[in-house]
Amino acid sequence: MRTAGRGLAVLRNPLGLGHGRAASSAARTRHARLALNGTVGVPGFVLHAWQGRIDRGKLAPVCVTSRPV
């Protein structure tokens with residue numbers, strides 16, 4: 001998972017428009033989709049693994065609300 005994060009950073013730095021760059025990016029739509037799918041895939045894996053542990057009784061469920069219960 002760490003490698004996926006580093007890979008996205010490596011891809012973003014030369015192709016991204018961050019840090020005040022105004023020029024067009026050389027990235028194609030396929031590069032953007034790769035970055036998006038990689039970004040969504042890792043957290044999705046972690047959340048599914050977490051839910052699996054809750055379902056098997058290895059972790060207590062967590063209730064997150066904006067108001068005290």
Side-chain angles (χ1 to χ4, degrees):
M1 285 189 254
R2 244 184 281 167
T3 303
R6 285 189 196 133
L8 287 169
V10 168
L11 181 65
R12 181 207 179 272
N13 288 337
L15 297 177
L17 296 177
H19 305 293
R21 292 187 199 152
S24 295
S25 172
R28 304 247 186 253
T29 301
R30 66 179 176 265
H31 299 118
R33 288 185 181 174
L34 172 64
L36 174 66
N37 290 331
T39 303
V40 171
V42 172
F45 171 80
V46 171
L47 290 174
H48 280 90
W50 185 7
Q51 186 63 50
R53 294 183 114 199
I54 291 170
D55 294 345
R56 290 189 315 274
K58 302 274 183 182
L59 289 173
V62 177
C63 179
V64 179
T65 64
S66 58
R67 297 180 300 172
V69 178

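Each residue takes its place number in the sequence, starting with 1. Hydrogens, waters and symmetry mates are skipped; everything else that's a heavy atom, side chains included, is used.
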In residues 33-44, what donor-acceptor pairs under 3.5 Å come from side-chain atoms, sequence neighbours left out?
unit_1, atom_1, unit_2, atom_2, d
Asn37, ND2, Arg33, O, 3.2
Thr39, OG1, Ala35, O, 2.7

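Shown here are the side-chain contact (heavy atoms from CB on, under 4.5 Å) partners of Arg30, two or more places apart in sequence or in another chain: Arg28.
Taking CZ from Arg53 and NE2 from His48, the interatomic distance works out to 16.0 Å, rounded to the nearest 0.5 Å.
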